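Since this is a predicted model, take the numbers as computed values, not measurements.
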Amino acid sequence: MKDIIKDLIKKSLKKIDKHKNISIEDIEVSLCKDNKFGDFSSNIAMKFSHVYNSSPRDLAKKILENISDNKNILKVEIAGPGFINFFIVKVSQFEVIEKILKEQNLFGKNNLGLNQKVLIEFVSANPTGPLHVGHGRGAAFGDCLSSLLQENGYDVTKEYYVNDAGKQIDILTLSVLQRYHELIDSNSKFEYENLYKGDYIWDIAAEIHRNLSDTYMIEDFENYKSISIDDYILNVKNNLSEKKFKEVKDTSVKFILDDIKKTLKLSGINFDSWFLESSLIDNGDLKDIIKYLHENNNTYEKDNALWFKSQELGDEKDRVLVKENKDHTYLSTDIAYHKNKISRNFNRVINIWGADHHGYVSRINGAFNIFAKGKSQLIVLLVQFANLYRGKSKVSMSTRSGDFVTLEELLKEVGKDATRFFYLARKSDQHMDFDIELAKSNDSNNPVYYIQYAHARICSIFRLLKENGNEFHYNKKFLEFLSEEEELNIVKKLSFYPEVIKKSAEKHEPHLLTNYMRELAQEIHSYYNKFQILVDDDNLRNARLALIEASKHVLVNSSKIIGINMPDKM
RNA sequence: GCGUCUAUAGCUCAAUUGGAUAGAGCGUCAGCCUCCGGAGUUGAAGAUAUAGGUUCAAAUCCUAUUAGGCGCCCCA
């Protein structure tokens, strides 16, 4: 319908002055929020009045005079400063019902993505502890965005980057070993500052002890402590042997990863791919990219370290790739990782990061473009932190101190649907406050129940219809019997759905979809309260059933993208 | 200090991306079940941080100010 109107305006403009060329993209047509302004309106006259050397209202008048008739359009009016308002013939508005009933779960899908390959990397929390509430937002966001992109015809791969190399993992291993020694000898005290302190460390240590007894025991473990954590790690490695240290490391990482996978499953999230940082070191990729960067004059040596010239690429300063002690930095493996993404032929690479990483964007973007050579595009989306509150008091979320609320706890207490909806209903670049007490104590606060209730009501009507020995059958002629304002409101919402799908994917804003669902549900509830669906008149009954059946399809389609259930009964 | 994100109703969030009278939920107040599920519905009160600017039009864009989050390691 929008396109029809755009076309009409374009043709009219052509008649007014055939030398001026206004492209169809410049013509904006939008839905009216107030029915008295018609169904669609365009601001074209105000936008281009200067091009035509006339006042907005005059140009609008001219457009109106030159616009040709169309069977779908009842009348056209000029209003306010120069809006052109289009009133649509009622019957053609209801035609979307027919389209939805025919397309069902395909309604809303499009082919804009042209099957392009997209890699979307999200969560990627370090395997040093369980996922906490802070990770939940990025998880829900990434998963929903993937579904949205799929709905728009992209070929999406969801990937989790596992940081299973580097110092943090060594610290994790050390933390486990320390607890392990405490288990064996309770006199061994845990008092080193920088180790991981969560309860799960005990669990891992206990499992290792249960399965392998004192294999990893070193005499006088205490004595290897050092002020520098690096030395501490080194001492333990040397005395335990590199091999055994790695065994403990692998067991710990696997334990935590299994836990993370379990939590993600509870959230309804499935990753297509788990990419190990360590694989980049093992297969030589890391060495190759450092060599490549060096040969292409993107690096230099200073203070016995190898530096990446990231300042030239927009970063605040240059960054170290290889440290003085010949260890690689996190950045260097990350560059290798992104080089790998490019080599897997993704047209678009999306990273979803916490907003605390924003300073990191320019350097990885710069490195990415060195390798992508324009063939692939990197998009980094930052998700703002969720501040966690328990009532009035703020809860800290430090993995290190072990003081955090796990995502699993939240999912179990609040439920998957409510949690996902809560995360997604807010714009991702908006800081948000998450009050656990509120979420737990009063779950009817969450609009997800409101939407599910609308769906359950529709299902309930169809159940009742069946119990009465009746059946719903559809015929296009029924649509003529829909005439109430509430029916029109619903149908307008329904025809807007494909646009919401398009827009929320393009702009990476799933909250547009959650808002839409809320609005649709509201129209449905309002209608339900005012009108009886199951009336005696066959024509009217079937017409109304067709309307709510179409609404049901849209609710179900959108809920699948958001990742929530739409129960028939609640 | 530099960079970056943000500021909308008492609270938590929206606003079709520059559009017409800024919308919801919670909370407050007043109504609606002999009727398809009251987890619902109808209404009332209540808001664009401050000061300028840009134009037909500003919550939205620009500048300054104020307040807050985050980032500024050879950490990951």
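A salt bridge (Lys or Arg N to Asp or Glu O under 4.0 Å) check over residues 523-539 of chain A, counting only residues at least two apart or in different chains, returns the pairs A:E486-A:K530, A:D538-A:R541.
With sequence neighbours left out, A:D230 forms a side chain to side chain donor-acceptor pair (under 3.5 Å) with no residue at all. Remark: A:Y527 pairs with A:F531 by the ring pair (Phe, Tyr, Trp, His ring centres under 6.0 Å) rule, at least two apart or across chains. Taking A:F122 as the reference, A:F271 meet the ring pair (Phe, Tyr, Trp, His ring centres under 6.0 Å) condition, with sequence neighbours excluded. With sequence neighbours excluded, no residue forms a salt bridge (Lys or Arg N to Asp or Glu O under 4.0 Å) with A:K62. A:Y337 is linked by a ring pair (Phe, Tyr, Trp, His ring centres under 6.0 Å) to A:Y161, A:F275, counting only residues two or more places apart in sequence or in another chain.
Across all strands, A:H525 comes closer than 4.0 Å only to sugar-phosphate atoms, never to a base (heavy-atom distances).
Between the P atom of B:rC2 and the CD atom of A:Q311 lies a distance of 18 Å, rounded to the nearest Å. A straight line from CZ of A:F40 to P of B:rG19 spans 17 Å, rounded to a whole angstrom. Atom CG of A:D429 is separated from atom C1' of B:rC70 by 14 Å (rounded to the nearest Å). Rounded to an integer number of Å, the gap from A:L381 CG to B:rU4 P is 19 Å.
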For residues 450-457 of chain A, run the donor-acceptor check on the side chains, cut-off 3.5 Å, and write out each pair with its distance to 0.1 Å, sequence neighbours left out.
{"unit_1": "A:Q452", "atom_1": "NE2", "unit_2": "A:D417", "atom_2": "OD2", "d": "3.0"}
{"unit_1": "A:Q452", "atom_1": "NE2", "unit_2": "A:N565", "atom_2": "O", "d": "2.8"}
{"unit_1": "A:H455", "atom_1": "ND1", "unit_2": "A:M566", "atom_2": "O", "d": "3.4"}
{"unit_1": "A:H455", "atom_1": "ND1", "unit_2": "A:P567", "atom_2": "O", "d": "3.0"}
{"unit_1": "A:R457", "atom_1": "NH1", "unit_2": "A:H525", "atom_2": "ND1", "d": "2.9"}

Are any protein N/O atoms closer than 3.5 Å to N/O atoms in nucleotides 56-60 of chain B? If there are, list each pair with its distance.
none

Is there any protein nitrogen or oxygen under 3.5 Å from a nitrogen or oxygen in nucleotides 11-15 of chain B, and what are the pairs?
{"unit_1": "B:rU12", "atom_1": "O2'", "unit_2": "A:R426", "atom_2": "NH2", "d": "2.8"}
{"unit_1": "B:rC13", "atom_1": "OP1", "unit_2": "A:D433", "atom_2": "N", "d": "2.8"}
{"unit_1": "B:rA14", "atom_1": "OP1", "unit_2": "A:K427", "atom_2": "N", "d": "2.6"}
{"unit_1": "B:rA14", "atom_1": "OP2", "unit_2": "A:Q430", "atom_2": "NE2", "d": "3.4"}
{"unit_1": "B:rA14", "atom_1": "O2'", "unit_2": "A:N515", "atom_2": "ND2", "d": "2.6"}
{"unit_1": "B:rA15", "atom_1": "OP1", "unit_2": "A:H511", "atom_2": "NE2", "d": "2.9"}
{"unit_1": "B:rA15", "atom_1": "OP2", "unit_2": "A:K427", "atom_2": "NZ", "d": "3.4"}

Could you run down the sub-3.5 Å N/O contacts of the protein with nucleotides 72-76 of chain B?
{"unit_1": "B:rC72", "atom_1": "O3'", "unit_2": "A:K317", "atom_2": "NZ", "d": "3.4"}
{"unit_1": "B:rC72", "atom_1": "O2'", "unit_2": "A:E316", "atom_2": "OE1", "d": "3.3"}
{"unit_1": "B:rC73", "atom_1": "OP2", "unit_2": "A:K317", "atom_2": "NZ", "d": "3.3"}
{"unit_1": "B:rC74", "atom_1": "O2", "unit_2": "A:E324", "atom_2": "N", "d": "2.8"}
{"unit_1": "B:rC74", "atom_1": "N4", "unit_2": "A:D303", "atom_2": "O", "d": "3.1"}
{"unit_1": "B:rC75", "atom_1": "OP2", "unit_2": "A:K323", "atom_2": "NZ", "d": "3.1"}
{"unit_1": "B:rC75", "atom_1": "O2'", "unit_2": "A:Q168", "atom_2": "NE2", "d": "3.4"}
{"unit_1": "B:rA76", "atom_1": "OP1", "unit_2": "A:K323", "atom_2": "NZ", "d": "3.2"}
{"unit_1": "B:rA76", "atom_1": "OP2", "unit_2": "A:Y330", "atom_2": "N", "d": "3.4"}
{"unit_1": "B:rA76", "atom_1": "O2'", "unit_2": "A:N126", "atom_2": "ND2", "d": "2.8"}

Report each atom pair, protein N/O against N/O of nucleotides 28-36 of chain B, whose distance is under 3.5 angstrom.
{"unit_1": "B:rC36", "atom_1": "O2", "unit_2": "A:I533", "atom_2": "N", "d": "3.4"}
{"unit_1": "B:rC36", "atom_1": "O2", "unit_2": "A:L534", "atom_2": "N", "d": "3.2"}
{"unit_1": "B:rC36", "atom_1": "N3", "unit_2": "A:I533", "atom_2": "N", "d": "2.9"}
{"unit_1": "B:rC36", "atom_1": "N4", "unit_2": "A:Y528", "atom_2": "O", "d": "2.5"}
{"unit_1": "B:rC36", "atom_1": "N4", "unit_2": "A:F531", "atom_2": "O", "d": "2.1"}

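No side-chain N or O of A:N557 forms a donor-acceptor pair with one of A:Y497 less than 3.5 Å apart.
Shown here, B:rC33 is classed syn by the O4'-C1'-N9-C4 or O4'-C1'-N1-C2 angle, which is within 90° of 0.
Checking A:F83 against A:M570, the closest nucleotide of RNA chain B that is more toward the 5' end is the one next to A:F83.
A:E77 pairs in a side-chain contact (heavy atoms from CB on, under 4.5 Å) with only one of the listed residues (A:F37, A:F86, A:F87), which is A:F87.
For A:S41, no side-chain nitrogen or oxygen approaches OP1 or OP2 of B:rA20 to under 4.0 Å.
Pairs of Watson-Crick or G-U wobble type, with distances under 3.5 Å, assemble into runs of 3 or more in RNA chain B at these ranges: B:1-7 with B:66-72, B:10-13 with B:23-26, B:28-32 with B:40-44, B:49-53 with B:61-65.
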